[in-house]
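Predicted, not measured: the structure shown is a model, and the values here were computed from it. Residue numbers begin at 1 in each chain, while the letters A, B, ... track the order of the sequences. Only this structure's heavy atoms are used, side chains among them; waters, hydrogens and symmetry mates stay out.
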Amino acid sequence: MSEALVVAASAVSAAGIGRPALRSALRGTPALLLPVESLKPTHGDVVGAQVPPGMAEAELSSRRLQGKLSRSALLAAVATRRALAEAEWSEGREEIGYFLGVGASGCSIAEIEAMLGIAMKEQHLSLGLMGSQALAACNPLFAFQAMHNFTLCHGAIAEELGGPNAAFYSRGAGTVGALEEAVSALEEQLCHRVLAGGADTLLHPLTWAELLTDGTAAPGFIPGEGAAILALSRSSSRSLAAIEKCGAYSGPSSLEQKLEQALADLGHREIDCIAIAPWGEPPRQQLRSFAAAQFPGAALLDVTAKLGECVAASPALGWVAAIDALLELGAGRALALSAGLDAELGCVLFRRGEA
Amino acid sequence: MKPTGVFVRGVGAWTPLGSDWPSSFERLCEGESAIAPIESFDVEGFPTRVGACITQCRSPNEDPRVVLAVRAAREAWSRAEIAVQPGRIGIFVGAEAGRPVFSAAAELAAACTEGDSFDQGRFARAGLRRWREVRAGWDSPAAVASRLASELGATGPVQTVSLACASGAMAIVAAVRALREGVCDAALCGGVGADVDPFTLAGFGLLGALSARGVARPFDARRDGFVLGEGAAMMVLARERGDSSVEVCGLGCSSDAYHLTAPEPSGAAARRAMSTAMREAGVDRLDCVQAHGTSTLLNDAVEAASLREVLGSNCPSTYVSSVKGALGHPIAAAGAIGFACAAQAVASGIIVPTAGLTSIDPDCALRHVTGQAVHQTVESAMVNSLAFGGANCSIVLRRCS
């Protein structure tokens, strides 16, 4: 794999918007955990790591998009805008590629309420009423809010990104797959500039109901939301970092075996900082032990412990944390390790770029 | 990177016209259509009452997408007759969000309703009790790829592409790239869609995207929208040619960056995807194009104009067809079924007709295949996928001997 240069790295998380906010939450004061507004009507005071209310909305004032975005799409669009601004890519956007790891889009619960308010008759759901009237009470894009690429195409439309693109459904590893595709698109010269990242939220009533029923939402579990985007280029006079390795390790082997394989693929490297983004406690302990054993001097940043579980967004937040650490610590190499819901491992190695 | 050879080793499909690829292809060649009144739920009051359904794939406890994809995958794998180490097999699937079994969703809705109003508090309480039931037949998109990986014992890369109507085609693109880069030696790839349900029917109906007349007529002057379909098509692609006569040689992707539901009227981005794929393949003429051809007013006109421009003086000799007149629009499976048709055209020299096309819209003037299949040697073919949200994907295949 030839190197891809990281020209910009943006993050939206419970810490706020931008790398300084992310840095502050990871290395100092953790993000505030507050009762989640979107879960209050259905589930009461669930504490989570949410992007500060109103912050993302204030960043994206496009009239074309108002009222149409799912939460994930909004967060992705904000991170995308920030990455483009930092990269100073205001021209030639029709050739810029765009690859995202995405979770469920999730329509607003108010839409479901509006639909059922009309379709329910004497405690029975009337298909006739639903077909003829109830959906007319919803956002006309109701059907699209359930489609996963909704998270990607809003950002593409808002920022006029016309290059190769794809949304990968992600339970963690799909986001690393999106980065692999982006790097591949650069290598194959399908485009010379590309954005890659992930966006997701667990702070949706349906998602939370699911996490409750499958037992995931146990005490200590912190649901979160976020988005992070890297701007990549084959050549640039300045860069934050270079991607030396990028791989997703899937299949039935254990996380420990995948870590061994990743270590072999990394070769003998000096690594100064490791950002981990595991889903849940057992993978967290495995990633921590791996980091301590293999790279004992490396600084460790735990993204999901501080910013909550964000599924498709977590690996990408880890990349931004690793890159930021490179810059702030004046370090040489940083590693981002993620482990998603299916115990798939993501491994991305960054080398410090040229200022 | 110079493209390295990637070959089509096996094709499998379950469509509304047949439970395997040969039977589906045979009926497609006859110009048959699977579009019929929906009988699986009461469509009274809905904007359209027809679909191209596969009722046999539905059961209360299994996601229909998994049922469809597994059968198509088994067929493709068995036809490929390929021996590859498990760690060198990749799985690349185009799939969108699943749907709950509607009766379970309706029971949940009833449990959440006080009188005629939805009660969010009751939703939380009832949801916890009933959610497992609602979720029983409704897996995440990633579950399809995981299941296929277990079916084949594949331990190589696994990806799920969710790119609306371009999901299947883009999954094939991801597979080709992985093969070219040497990440795997064989890839099972394709797409699956099972969206003929009340939510999708009403949702697309609201957008005015569905045919009010209940007929899919791609490129026809009387077309008025698409008809929802469902199905799966899976391919085995490999770096080793074996006895394959079809090579995947050109990929092109772009984004309209214009509108959530409407194509960009100039077709600039669609043309960019097509011309990139043709340039990468090193061809300036094609024998046939398996068009996206949804039967919507704008999409067909934009795609036809884009094809005329991209093909230039070779346009009059290029046959064009779309399977959506026969199979409806199976969303995430659409590009994969189109790919199967294009690969079959290259392999066998048979180009399927566009069912429902009898009166060609002058805005869509192309060398359309109507009525019966065309038999002629096909050296190169292209398949297009132009998705809601503006993602465009084109793939060129060529005959190798």
(request) Could you have a look at B/T155, B/T160, B/V43 and say which one has the most heavy-atom pairs with chain A under 4.5 angstrom? (result) B/T160

(request) Counting only heavy atoms closer than 4.5 Å, note whether B/D256 contacts chain A via side chain, backbone, both or neither. (result) neither

(request) Side-chain contact test, heavy atoms from C-beta onward, threshold under 4.5 Å: evaluate it for A/L152 versus B/L163 and give yes or no. (result) yes

(request) Among A/G44, A/C153, A/A178, single out the residue with the greatest number of heavy-atom pairs under 4.5 Å to chain B. (result) A/C153

(request) Supply the atom-to-atom distance A/E344 CD to B/S146 OG, rounded to the nearest 0.5 angstrom. (result) 6.5 Å

(request) Name the member of A/G162, A/P164, A/G251 that forms the most heavy-atom pairs with chain B at distances under 4.5 Å. (result) A/G162

(message) So, taking the atom named OH in A/Y98 and the one named OG in B/S254, what distance separates them when rounded to the nearest 0.5 Å?
(response) 15.5 Å

(request) Decide yes or no on side chain to side chain contact (heavy atoms under 4.5 Å, CB included) for A/N149 and B/E96, but give the supporting numbers first. (result) CA-CA 8 Å; A/N149 75 320; B/E96 270 294 346; 3.8 Å; yes

(request) Counting only heavy atoms closer than 4.5 Å, note whether A/E95 contacts chain B via side chain, backbone, both or neither. (result) neither

(message) Nearest 0.5 angstrom please: A/E181 CD to B/C253 SG, how far?
(response) 9.0 Å

(message) Nearest 0.5 angstrom please: A/I157 CD1 to B/L260 CG, how far?
(response) 4.0 Å

(message) Is A/A166 in contact with chain B via its backbone, its side chain, both, or neither, using a 4.5 Å heavy-atom distance?
(response) both

(request) Take A/E188 and B/E181, measure what side chain to side chain contact (heavy atoms under 4.5 Å, CB included) needs, and give me the verdict at the end. (result) CA-CA 10 Å; A/E188 294 196 22; B/E181 289 172 7; 4.0 Å; yes

(message) Just verifying a value: how many Å separate B/F92 CZ and A/F168 CZ, rounded to the nearest 0.5 Å?
(response) 9.0 Å

